[in-house]
Structure formats: C-alpha cells, structure tokens
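Labels below follow one simple rule: chain letters A, B, ... track the order of the sequence lines, proteins then strands, and each chain is numbered from 1.
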Protein chains: 2
Amino acid sequence: MKMQINSRGNARFKRWLQLLNSRGVHKHQQFLMFGERVVREILHTQPDRCLELIYPVLWANDLSVPETVTHHCLEGPLFKELDVFGTKTPIAVCRTPEIVDWNQKEAPQGLELLCPLGDPKNVGAVVRTCQALGVQKVILLKEAASPFHPASTRSASGAVLNVEFVKGPSIHDLNHDQILTTLVAMDVSGKNLTTYRWPKHVRLLIGEEGEGLPESSAAEKVAIPMTKGTSSLNAAVAAGMAMYAYRVQHKL
Amino acid sequence: MKMQINSRGNARFKRWLQLLNSRGVHKHQQFLMFGERVVREILHTQPDRCLELIYPVLWANDLSVPETVTHHCLEGPLFKELDVFGTKTPIAVCRTPEIVDWNQKEAPQGLELLCPLGDPKNVGAVVRTCQALGVQKVILLKEAASPFHPASTRSASGAVLNVEFVKGPSIHDLNHDQILTTLVAMDVSGKNLTTYRWPKHVRLLIGEEGEGLPESSAAEKVAIPMTKGTSSLNAAVAAGMAMYAYRVQHKL
C-alpha cells in the first residue's frame with residue numbers, strides 16, 4: 001500500500017531532497033538509486049539495503065520487495081523535483097554501506113584503486129569499471145566525491161554496491177614508504193603504460209581532474225602515450241585504460 | 001570595445017541561448033566554447049573559427065583576438081543563464097566546421113571511429129580520446145549527438161576542433177560487404193580484446209548507450225573481458241580501452 005505525499009513540507013520528502021547532494025547523503029547515511037533496471041536489480045540482489053520506494057503517481061504495480069520496505073507515492077511536481085534524471089520510474093532509498101578507515105599496513109590484494117576524483121559522475125564511471133574488471137577495493141581519498149551522490153550512483157549503473165570502499169587520506173599524504181612500495185600512479189611523466197610490467201598486487205593512483213598528480217609525489221609512474229600537444233584524457237577513460245592494461249597481464 | 005547587452009530580447013542573446021541545444025547548433029552552424037583555458041587555446045590556434053566573445057560584466061581585460069571578433073558583455077543574470085557550466089569566464093562563439101558525407105568507398109587510414117553515441121557528454125569524451133590517441137577521423141552515425149553541443153565541447157576539452165568529422169549512415173545500415181571488410185565492432189559476444197590482432201587500417205564501431213550493437217550486425221566483434229554478472233561499461237570508457245588496445249599494437 002502506498003502513502004501519497006502531496007506537500008513539500010513533508011518530512012520524508014525534505015529528507016529525500018537532501019539526498020540529492022553529498023551533505024545529505026553523509027548526514028542521513030542514505031542514498032537514492034534511479035533507473036528501473038538498477039532499482040529492480042538492487043531489490044533482487046540486496047533487498048536489505050532498500051528502505052523506501054518512491055513511485056510516480058501513475059505507476060501501476062508495486063515492485064515486489066521485502067515487507068520492511070515502505071511504499072510512497074509522490075504527487076506530480078514533487079516527483080519531478082526528485083527525479084533529477086527524468087527516469088519517470090520508481091526511485092529507491094537505500095542505506096549506505098559502512099565505510100571504514102583504510103588500513104595502510106595491509107598489503108594490496110590484486111589490483112586496488114586510489115580515487116581522488118571530485119566529480120561524482122567520474123567516480124561512478126570509475127566504480128563501474130572497477131566492478132567490470134574485478135577491482136574489488138576502492139580507497140576514497142579526501143578529495144573524492146561521494147560514490148553515493150546521485151550523479152555517481154547513476155553513472156555507476158548499480159555498481160556502487162558491488163565494490164568495497166574504504167576511507168583514505170588526502171592525495172598529498174601518500175608519500176610514506178609503506179604506501180609507495182605498492183603504488184603505481186598515472187602521470188604524463190611516467191613510464192610507457194603499453195610496455196609497463198605490472199606487479200600482481202598493486203594499487204593504482206589516478207590524478208585529480210585538471211590537477212593531475214601532486215608534483216611532490218614519489219610514486220612509481222606510468223603514462224598513456226599520447227599525440228604531441230595533447231596532455232589529457234577524461235579521468236574515467238584514463239583510469240579505464242590503466243585497469244585494462246593491468247588485466248591484460250593479470251587475467252580475471 | 002565591448003557592447004553591453006542587458007535585455008533578454010536582444011537578438012544575439014536569443015541566438016546564443018539557442019546554441020545551448022543541438023537544434024540551435026545545427027540551425028546557426030555555430031557553437032559555444034566554455035572554459036578559460038580552452039577559449040584561450042582556440043583563440044591562439046584557430047582564431048579564424050571564432051566569431052564573438054561573451055564576457056561577464058566583471059571581466060577586467062579583453063582577450064587578444066583578431067579584429068573580426070566582436071566583444072560583448074552580458075549583464076549578470078543573462079551571463080549566468082548562458083554560462084551553464086558556471087565557468088564565470090569568457091565564452092567563445094565559433095563557426096562549426098563543415099561536416100561532409102562519409103565516402104564509404106574510401107579505405108580507412110589507420111584507426112577511424114564509427115560513433116553512434118546519443119549522449120553529447122560521451123561524444124565529447126570519445127573525441128578527446130581520439131585526439132589523444134591519434135584517431136583522426138570520426139564518422140558520426142545518425143544516432144550520434146552533435147559533437148558541437150555544449151556538453152560535448154565541454155567534455156572534449158577543446159578536442160572537437162582537432163579531429164575530422166564526417167556524416168555517416170545509421171548504425172543499422174553498416175551491413176554492406178564494402179564496410180564490413182574493414183570494420184571491428186565492440187560487443188560482449190566478441191573475441192577477447194586482450195588477444196585480438198588489429199589490422200593497421202580499420203574502423204572501430206562502438207555500440208549505443210544501453211542498446212549496444214544491433215543484433216543483425218555481421219561485423220567482426222571484439223569484447224572486453226569482464227567479471228561474471230557484469231555486462232557493461234561507460235561507453236566512453238569502453239571505447240577508450242579498445243582504442244588503447246589498438247595503439248598497443250600500432251604505436252603512435
């Protein structure tokens with residue numbers, strides 16, 4: 001049974017609106033999932049993560065969900081305000097997984113990613129690549145946008161619940177021997193990526209959008225060979241090439 | 001000398017607003033470039049392409065440009081309305097290059113790209129990869145968004161003026177022997193990309209977002225190996241991996 005919400009003053013609606021930005025996601029430890037396929041998938045594979053379902057008024061059938069999930073229906077303009085991608089399909093409100101601090105003493109297991117990306121769309125695209133290429137741990141640096149920002153969950157296409165996130169330091173605080181021994185960073189000054197020999201257990205550090213890698217970084221570096229006069233790629237595209245290069249040598 | 005525009009009714013302002021969508025870009029054969037670095041670059045490398053410069057009121061110095069370029073200044077809210085990425089820096093109005101029909105009888109020269117992507121952000125990211133990896137010709141299929149849509153020029157970071165675009169058919173009309181002999185398409189059913197031997201002169205066809213490749217496609221196919229249960233990557237990331245794989249075998 002759906003409860004219809006018709007007022008902007010409704011407490012639930014106000015909370016949902018807050019989930020459209022990182023601050024609200026952090027405050028409530030909840031996030032929104034958009035897109036019918038992705039929402040059905042999460043209800044099927046991780047039903048316990050789902051707290052509420054928000055329907056547009058004209059949605060005919062309720063989705064099949066655990067009893068603990070509450071159903072709500074949002075009057076036209078209110079749904080439109082929340083449905084920032086214009087999906088016109090039910091939106092799921094989910095609990096964010098707990099993100100613990102990164103244990104810097106732990107050795108990497110296979111390939112892991114250090115992510116400083118500030119654009120949630122890029123974070124989502126990178127997380128989607130991680131899931132597809134079997135990179136199971138993503139270390140979120142202080143500079144990184146929340147992977148549970150709607151722009152990230154949308155571009156990750158459901159993948160945000162299938163990788164493990166841990167909370168890391170700033171990209172400027174990675175110059176310790178313990179970290180450096182198992183670190184490879186992407187930088188235009190690096191060794192040629194196409195001939196680089198990857199260690200099996202290693203962490204890949206990608207640069208920030210626009211900023212790249214801090215000049216002070218003492219990490220081993222790899223570079224994508226590019227035509228003269230060009231020096232940059234989309235951050236998620238560049239990260240994808242490096243993860244792909246690793247997988248060429250260390251198969252799934 | 002700048003002419004200040006204070007009215008939404010101004011004919012120039014109305015034209016500029018139209019350049020925020022593909023229809024306007026097509027109608028006027030003009031497009032907008034955002035971002036100080038990108039605008040300075042185009043004024044330096046391709047000044048003849050620039051027609052008008054639009055400044056926010058508080059911009060101190062005019063940019064150095066050819067005399068043919070007219071300078072305009074937009075009153076606060078009007079600039080904000082046009083400055084959709086919130087750059088707060090001058091916006092350049094440029095002429096779109098002429099895009100001729102693709103000559104299907106011509107053999108490919110090195111790697112060329114067939115692009116059906118409908119999301120201009122993805123088109124821009126792919127074009128940026130093409131420039132960086134030396135893919136000089138992009139065949140825009142009927143399904144493709146305009147590379148001169150602002151979301152594309154923004155994500156291409158200036159690269160849209162450094163590759164050659166030609167107008168191709170629909171992704172559904174590529175099943176001719178003449179095209180198929182030099183075509184490689186990305187599809188989950190394809191040969192393993194990590195071991196695929198690339199012809200030197202070849203065209204890469206990427207699938208549409210969500211849709212992928214038409215089932216009827218008779219093209220040779222390559223696939224990025226992925227973990228079980230995942231079947232997709234961001235379109236620009238996947239295209240980047242394939243172009244990178246080509247470049248591993250055929251160096252720049």
Enquirer: Should we say atom NE2 of His172(A) is surrounded by more than 12 heavy atoms from elsewhere, each under 6.0 Å from it?
Expert: yes
Enquirer: Testing the basics here: between Gln131(B) and Thr227(A), what is the closest heavy-atom pair and its distance to 0.1 Å?
Expert: O-OG1, 2.7 Å
Enquirer: Do other residues, nucleotides or ligands put more than 12 heavy atoms under 6.0 Å from Lys121(A) NZ?
Expert: no
Enquirer: Where is the tightest heavy-atom contact between Pro225(B) and Leu252(A), given as atom of each residue plus distance?
Expert: O-CD1, 3.8 Å
Enquirer: Among Ala132(A), Ala236(A), Gly134(A), which has the most heavy-atom pairs under 4.5 Å with chain B?
Expert: Ala132(A)
Enquirer: So which pairs with a foot in residues 112-143 of chain A pass ring pair (Phe, Tyr, Trp, His ring centres under 6.0 Å), sequence neighbours left out?
Expert: none
Enquirer: Working to the nearest 0.5 angstrom, can you tell me the gap between Glu209(A) CD and Ser157(B) OG?
Expert: 12.0 Å
Enquirer: Testing the basics here: between Gly240(B) and Val237(A), what is the closest heavy-atom pair and its distance to 0.1 Å?
Expert: CA-CG1, 4.2 Å
Enquirer: Is Gln136(A) atom CD crowded by more than 12 heavy atoms from other residues, nucleotides or ligands, each under 6.0 Å away?
Expert: no
Enquirer: For His250(B), look at atom NE2 and say whether over 12 heavy atoms of other residues, nucleotides or ligands are found less than 6.0 Å away.
Expert: yes
Enquirer: Between Thr194(B) and Lys251(A), what is the shortest heavy-atom contact and its length?
Expert: OG1-NZ, 3.5 Å
Enquirer: Go through the atoms of Leu193(B) and report whether side chain, backbone, both or neither lie under 4.5 Å from a heavy atom of chain A.
Expert: both
Enquirer: Can you establish whether the number of heavy atoms outside Lys228(A) located under 6.0 Å from its atom NZ is more than 12?
Expert: no
Enquirer: Measuring from atom CE of Met241(A) to atom CG of Leu133(B), what distance do you get when rounded to the nearest 0.5 angstrom?
Expert: 5.0 Å
Enquirer: Going through the checks in order, is the side chain to side chain contact (heavy atoms under 4.5 Å, CB included) test met by Arg247(A) and Ile224(B)?
Expert: CA-CA 10 Å; Arg247(A) 274 284 167 244; Ile224(B) 297 160; over 6 Å; no
